[in-house]
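Have a look at the structure below before the remarks.
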Number of protein chains: 2
Amino acid sequence: MQFSKSTDYALHALLHLGHSERHGNVGIKELSGTLGVSESYLSKIMSKLRQDGIVRAIPGVNGGYELARPADQISFLEVIQVIEGRQQWFECSNTNSQQHSLLADNGTVQRGRERSDNCQCLVEKVMNGAELHLYQYLREHTIQTTLDEAFNRCNNEVNKK
Amino acid sequence: MQFSKSTDYALHALLHLGHSERHGNVGIKELSGTLGVSESYLSKIMSKLRQDGIVRAIPGVNGGYELARPADQISFLEVIQVIEGRQQWFECSNTNSQQHSLLADNGTVQRGRERSDNCQCLVEKVMNGAELHLYQYLREHTIQTTLDEAFNRCNNEVNKK
DNA sequence: ATTAATATAGATCTGTGATATCCATAATAT
DNA sequence: ATATTATGGATATCACAGATCTATATTAAT
């Protein structure tokens, strides 16, 4: 269970775009050179980001990519979901098994019609909670906040001296 | 990016063991039957859990598995890490690239010897934060708390009537 | 208009890891 | 002794991440 390299590339590329915003477009050559990854591969990733309206692409000479929105409206969560897909991070594969009905009998009489409601997979319940928890964090962190933090960190370092 | 089925099986198996604690051992046959997965495959998973001291294994006739510790000392985090491995969920693959040094020049003069300290990968910094955040949640949720929640949920349902 | 630069989309290749099964071996209760 | 149970090794299969190549479309500059 690991985030893909594509996600890594996407986030780094967006940070680069955010950082170079005043200088206009950034071509795939500059991007791939900076990140140390092939143009071909990075193109695919940038295409995905474009299809989801995170970046704009300008074809032709002097073309390239730029952020399609202000950097504070591009969250880590959205980027991750575009690249990794929007499927749940945990899915119970035992829904057909006896597991859940067995546990449902835990000291109480359980009527059949209630089962689907309040006796869903216990594991999934916890894991979905974890997922929502994580979403919150990843929603609060944007390309902008990340750039800002870097800026402040370096400034503080200088002021301390 | 998804949790593996093995993790699913492991957590369900442990819930089953926790639930059947008073009845003694549970053999692989009962476990695999309840979860709807082959004995062979589940064995491997149980072996891992044993090697990490989460369950005890009793070979021979009437053997089986039982929790090696109280259910409230087996967290989701530990189970996940045993099955999925303890590698980070995000690793920056661009450490050699120019990305980070470029961003480090963000409006401040940066001395070379400080870089390794305070100008590490920005993406990794955010993602590691997310990981720690998630760890906290997964540490607080144990086999016991999950069983308890199921019990309370069903009880409340009954009392409401 | 032509050319060079740039992005896009399709096809394909490769390696790795998750999922799964089978078999031989060890341990233990009856 | 025998049947039962767990363990470990070897292996098979399959999907997917990672990556590359080529052909095509679009645009700026000449």
Side-chain angles (χ1 to χ4, degrees), chain A residues 1-10 12-13 17 24-33 35-68 80 82-85 87 89-94, chain B residues 1-13 17 24-33 35-68 80 82-87 89-94:
Chain A
M1 150 94 173
Q2 250 198 297
F3 287 95
S4 67
K5 287 194 180 186
S6 296
T7 295
D8 180 301
Y9 297 146
H12 277 94
L17 293 186
N25 296 338
V26 180
I28 196 71
K29 265 201 183 100
E30 178 177 337
L31 274 179
S32 72
L35 299 192
V37 58
S38 81
E39 300 180 27
S40 308
Y41 193 43
L42 190 54
S43 297
K44 305 279 185 195
I45 296 168
M46 298 310 293
S47 261
K48 264 194 197 170
L49 293 177
R50 182 190 59 83
Q51 284 165 14
D52 260 74
I54 294 180
V55 302
R56 252 190 304 272
I58 300 111
V61 178
N62 296 331
Y65 300 94
E66 61 186 10
L67 297 185
I80 289 170
V82 166
I83 303 296
E84 309 263 341
Q87 53 187 333
W89 291 353
F90 183 90
E91 281 174 31
C92 175
S93 51
N94 295 337
Chain B
M1 151 96 172
Q2 251 199 298
F3 286 95
S4 68
K5 287 193 178 185
S6 296
T7 295
D8 180 300
Y9 297 148
L11 288 168
H12 277 94
L17 293 186
N25 297 338
V26 179
I28 194 71
K29 264 201 184 101
E30 179 178 336
L31 274 180
S32 72
L35 300 193
V37 59
S38 81
E39 300 180 27
S40 309
Y41 193 44
L42 190 54
S43 299
K44 304 281 183 193
I45 296 168
M46 299 309 294
S47 261
K48 263 194 197 171
L49 293 177
R50 184 190 59 83
Q51 285 165 13
D52 260 73
I54 293 180
V55 302
R56 253 190 304 271
I58 300 110
V61 178
N62 296 332
Y65 299 95
E66 61 187 9
L67 298 186
I80 289 170
V82 166
I83 303 296
E84 310 261 341
R86 286 186 157 74
Q87 52 188 333
W89 292 353
F90 183 90
E91 280 174 33
C92 175
S93 52
N94 295 338

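Being a predicted model, the structure only gives us computed values, none of them experimental. Heavy atoms only: backbone and side chains are in, while hydrogens, waters and symmetry mates are out. All chains are named by letter (A, B, ...) in the order of the sequence lines, taking the proteins before the strands, and each is independently numbered beginning at 1.
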Legend entry - Among B:Asn25, B:Val26, B:Ile28, the one residue meeting side chain to side chain contact (heavy atoms under 4.5 Å, CB included) with B:Tyr65: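 So the option named by the test is B:Ile28.
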
Inset, instruction - Test A:Val37 against every option in A:Leu31, A:Asp8, A:Leu42 by the side chain to side chain contact (heavy atoms under 4.5 Å, CB included) rule and name the one that passes. - result: A:Leu42

Legend entry - B:Asp52 (side chain) donor-acceptor with B:Val82 (main chain) under 3.5 angstrom: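 No, B:Asp52 side chain to B:Val82 backbone: no donor-acceptor pair under 3.5 Å.
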
Legend entry - A:Tyr41 and A:Ser32 side chains, donor-acceptor separation under 3.5 Å: no

Just the rounded figure in Å: distance from [atom2] of [N] to [atom1] of [X].
X	N	atom1	atom2	answer
A:Ile45	C:dA9	CD1	P	15 Å
A:Gln2	C:dA18	CD	C1'	14 Å
A:Glu30	C:dA7	CD	P	11 Å
A:Glu39	C:dA7	CD	P	8 Å
B:Met46	C:dT19	CE	C1'	18 Å
A:Ile28	C:dA7	CD1	C1'	8 Å
B:Asn25	C:dA29	CG	C1'	12 Å
B:Gln87	C:dT16	CD	C1'	13 Å

Regarding [X], tell me which of base, sugar-phosphate or nothing describes its non-hydrogen contacts under 4.0 Å with the strands shown.
X	result
A:Gln51	sugar-phosphate
A:Ser38	sugar-phosphate
A:Tyr9	sugar-phosphate
B:Ser4	sugar-phosphate

Compare side-chain N and O positions of [X] against OP1 and OP2 of [N] and report whether any pair is under 4.0 Å apart.
X	N	answer
A:Ser47	C:dT8	yes
B:Ser6	C:dA18	no
A:Arg50	C:dT6	no
A:Tyr65	C:dT8	yes

Inset, instruction - Name the residue closer to the 5' end of DNA chain C, choosing between B:Lys5 and A:Val26 according to the nucleotide with the nearest heavy atom. - result: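 Result: A:Val26.
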
Inset, instruction - Starting from the 5' end of DNA chain C, give me the residue, A:Lys44 or A:Asn62, whose nearest nucleotide shows up first. - result: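 Nearest nucleotide further toward 5': that of A:Asn62.
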
Legend entry - Nucleotide interval of DNA chain D bounded by contacts with chain A (heavy-atom cut-off, under 4.0 Å): D:dG18 to D:dA29

Legend entry - Which nucleotide in C:dT6, C:dA27, C:dA4 has an atom nearest any side-chain atom of B:Pro59: C:dA27

Legend entry - Where at least one partner belongs to residues 58-67 of chain A, residue pairs that pass salt bridge (charged side-chain N to carboxylate O under 4.0 Å, His left out), sequence neighbours excluded: A:Arg56-A:Glu66

Inset, instruction - To the nearest 0.5 Å, tell me how far A:Thr7 OG1 sits from A:Ile45 CD1. - result: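 It comes to 8.0 Å.
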
Inset, instruction - Apply the test side-chain contact (heavy atoms from CB on, under 4.5 Å) to residues A:Ser4 and A:Glu84: give CA-CA distance (whole Å), side-chain angles for both, the deciding distance (0.1 Å), then the verdict. - result: CA-CA 7 Å; A:Ser4 67; A:Glu84 309 263 341; 3.0 Å; yes

Legend entry - From CA spacing to verdict: side-chain contact (heavy atoms from CB on, under 4.5 Å), A:Ser6, A:Lys44: CA-CA 9 Å; A:Ser6 296; A:Lys44 305 279 185 195; over 6 Å; no

